[in-house]
Enquirer: 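I'd like to ask you about the structure that follows.
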Amino acid sequence: MTDKTILITGGLGFIGQALFARLLETGHNVRILDNLSNASTTADDATAAGVNVRVGDIRDRSACDDAVDGVDGVIHLAAQTSVLPSVEAPEIDLELNGFGTLNILSACNAAGVRRVVCASSNAVVGLVEPPIHELMMPAPVSPYGATKLLAESYCRTFSEIHGMHANALRFANIYGPRSKKKGSVVAKFIKDAFAGQPLTIYGGGNQTRDFLYIDDLIDGVLACLEMPRGGDVICLGSGKPATVHELAIAIQGLYFEWCGNELVIDFQPARAGEIERNYTDPTKARDILNFQANTHLDEGLRKTWEWFTKNMDTLGLQGTSTSDDACTS
Ligand SMILES: NC(=O)c1ccc[n+]([C@@H]2O[C@H](COP(=O)([O-])OP(=O)(O)OC[C@H]3O[C@@H](n4cnc5c(N)ncnc54)[C@H](O)[C@@H]3O)[C@@H](O)[C@H]2O)c1
């Protein structure tokens, strides 16, 4: 699709910002529905960039009807996005990820919008032996995983009943520029580094994760928007396991290059419930979406690090250190 109008729900968040920038660059019109609850950029900045921003909530059906009116496709990102809050308040998680998704799909169906890409997560499969793939029996172990599974199921249901092309993508651990608000391990290590704080690793550090650079994720999301059918689920990951210790060493190296000081890695006892091994099998994404994660972890981390260094002042990271080792250059 080129020169189309695309709605991004949650488009002011970490992934949404990168997505709207790419869509604008490639000649699309972009509309955003976001309630500002966890926005990483302001509505004014997005508007200045050329986005039509609607401040509203996916739990409000009329806001969804208004937002989808006249669009060619929807990328549905707005959600309750973390495991822990979903355990603490599962009913809110259900309202956002269940009812919110149902509202978006119902609004699309009513308005004749057929193409929907819904952000899901590997949390739907629960505690499994990797590589994670689409044929694994879903067995979520958190309300977040359960409601993402529900959202996937609604995509399938609406595709079956109404002929929509609604597909779900299970994102791996996404990292990259503009992730200042994220609590994920890459953003946390970088923020800790800027504060001159040790990088804390729980357990031995050999636990693996699948880190996917944001630009690669966006390639996959946009390819999914073109899919000629609906009801499918595809995992988007790099397919390459990296250990948390390797990640910490890479951040240590970037920090040393930046200011010449050593950053401490602090090993703490493993936390209960920590997943040991986690990475994705990218075969289906490659076969169906022609997807390939092109960005090597070192390159992606460097780009992410550089974004943080360039934006230190506006991010309020400078001077947050309580450590003598902190670099604020
Ligand atoms: N970042 C990751 O590593 C990752 C991994 C797996 C899945 N996902 C999924 O990708 C999607 C986007 O994640 P992100 O990292 O950009 O999250 P984010 O929190 O940075 O962005 C979410 C955006 O949605 C908005 N929002 C929240 N509730 C809303 C509501 N009720 N109505 C309207 N807007 C609302 C927030 O203000 C925010 O701008 C989410 O669905 C998340 O579950 C992300």
Side-chain angles (χ1 to χ4, degrees), residues 7-21 31-43 45-46 51 53-64 66-67 74-86 89 92-104 107 116-125 132 140 142-152 155 168-188 209-214 216-218 220-221 224 233-238 278 280 300 304:
L7 170 71
I8 311 173
T9 71
L12 299 179
F14 161 50
I15 294 172
Q17 264 193 87
L19 190 54
F20 83 63
R31 192 182 293 170
I32 280 175
L33 176 65
D34 198 299
N35 71 353
L36 310 181
S37 59
N38 197 35
S40 296
T41 187
T42 64
D45 282 353
V51 174
V53 180
R54 315 262 168 106
V55 176
D57 200 298
I58 55 168
R59 287 168 290 188
D60 173 358
R61 173 64 195 269
S62 63
C64 296
D66 178 53
V74 175
I75 299 167
H76 177 43
L77 302 177
Q80 190 299 106
T81 64
S82 311
V83 168
L84 205 56
S86 82
I92 293 177
D93 183 72
L94 176 60
E95 276 176 26
L96 285 161
N97 298 358
F99 283 110
T101 302
L102 182 59
N103 275 339
I104 287 293
V116 179
V117 176
C118 179
S120 186
S121 159
N122 285 334
V124 302
V125 293
I132 294 172
S142 65
Y144 173 68
T147 57
K148 284 293 185 185
L149 180 59
L150 178 59
E152 290 182 357
C155 288
L169 294 175
R170 292 179 184 163
F171 300 167
N173 295 69
I174 312 306
Y175 72 100
R178 306 182 182 94
S179 52
K180 185 239 169 178
K181 277 199 161 185
K182 303 308 288 185
S184 52
V185 64
V186 174
K188 181 168 186 323
R209 298 289 179 266
D210 186 328
F211 298 109
L212 181 64
Y213 188 63
I214 182 91
D216 292 331
L217 172 87
I218 288 168
V221 170
C224 187
V233 170
I234 300 173
C235 295
L236 277 191
S238 72
N278 181 0
T280 306
T304 309

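This chain uses plain numbering: 1 for the first residue, then up along the sequence. Please read all numbers here as calculations on a predicted model, not as lab measurements. Read the numbers this way: they start at 1 and go in the same order the structure lists the ligands and their atoms. Note: hydrogens, waters and symmetry copies are ignored here, and every other heavy atom, side chains too, is used.
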Enquirer: Considering non-hydrogen atoms of the protein only, which is the closest contact for atom 20 (O) of ligand 1, and what is the distance?
Expert: Phe14 N, 2.9 Å
Enquirer: Pick from Thr9, Asp60, Asp57: which one makes a side-chain hydrogen bond (donor to acceptor under 3.5 Å, both in side chains) with Asn35?
Expert: Asp57
Enquirer: Check if Lys181 has a non-hydrogen atom at a distance under 4.0 Å from any atom of ligand 1.
Expert: no
Enquirer: Any idea which part of Ala172 is under 4.0 Å from ligand 1, heavy-atom wise: side chain, backbone, both or neither?
Expert: backbone
Enquirer: Do any heavy atoms of Thr9 fall under 4.0 Å from ligand 1?
Expert: no
Enquirer: With respect to Lys182, determine whether any N or O atom, backbone or side chain, lies less than 3.5 Å from an N or O atom of ligand 1.
Expert: yes
Enquirer: Mind listing the side-chain donor-acceptor pairs of residues 96-104 below 3.5 Å, one per line with the distance, residues two or more places apart or on another chain?
Expert:
from	atom 1	to	atom 2	distance (Å)
Asn97	OD1	Gln80	N	2.8
Asn97	ND2	Gln80	O	3.0
Asn97	ND2	Asp93	OD1	3.3
Asn97	ND2	Thr147	OG1	3.2
Thr101	OG1	His76	NE2	3.0
Thr101	OG1	Asn97	O	2.7
Asn103	ND2	Ile58	O	2.9
Asn103	ND2	Arg59	O	3.2

Enquirer: Hey, is ligand 1 close enough to Leu96 that some N/O pair sits below 3.5 Å?
Expert: no
Enquirer: Report yes if Asp34 has an N/O atom closer than 3.5 Å to an N/O atom of ligand 1; otherwise report no.
Expert: yes
Enquirer: Do any N/O atoms on Tyr144 end up under 3.5 angstrom from N/O atoms on ligand 1?
Expert: yes
Enquirer: Between Gly16 and ligand 1, does any nitrogen or oxygen pair lie at a separation below 3.5 Å?
Expert: no
Enquirer: Pick whichever of Ala18, Ser120, Ser179 has a heavy atom sitting closest to atom 7 (C) of ligand 1.
Expert: Ser120
Enquirer: Using distance alone, determine whether Ser37 and ligand 1 share an N or O pair under 3.5 Å.
Expert: yes
Enquirer: Under 4.0 Å, heavy-atom basis, I'd like to know which part of Lys148 is in contact with ligand 1: side chain, backbone, both or neither.
Expert: side chain
Enquirer: Considering only the protein, which heavy-atom contact is closest to atom 35 (C) of ligand 1, and what is its distance?
Expert: Asn35 OD1, 3.1 Å
Enquirer: For Phe171, is at least one N or O under 3.5 Å away from an N or O on ligand 1?
Expert: no
Enquirer: Considering only the protein, which heavy-atom contact is closest to atom 11 (C) of ligand 1, and what is its distance?
Expert: Leu77 O, 3.3 Å
Enquirer: So Ile32 and Phe20, do their side chains get closer than 4.5 Å, heavy atoms only?
Expert: yes
Enquirer: Any N or O on Ile174 sitting closer than 3.5 Å to an N or O of ligand 1?
Expert: yes
Enquirer: What protein heavy atom lies closest to atom 42 (C) of ligand 1? Include the residue and the distance to one decimal.
Expert: Thr81 CG2, 3.7 Å
Enquirer: Taking distance alone, with N or O pairs closer than 3.5 Å, would you say Asp57 contacts ligand 1?
Expert: yes
Enquirer: Going by salt bridge (Lys or Arg N to Asp or Glu O under 4.0 Å), name the residues that satisfy it together with Arg54, two or more places apart in sequence or in a different chain.
Expert: Asp66
Enquirer: Counting non-hydrogen protein atoms only, what is the nearest one to atom 16 (O) of ligand 1? Give residue, atom name and distance.
Expert: Ile15 N, 2.9 Å
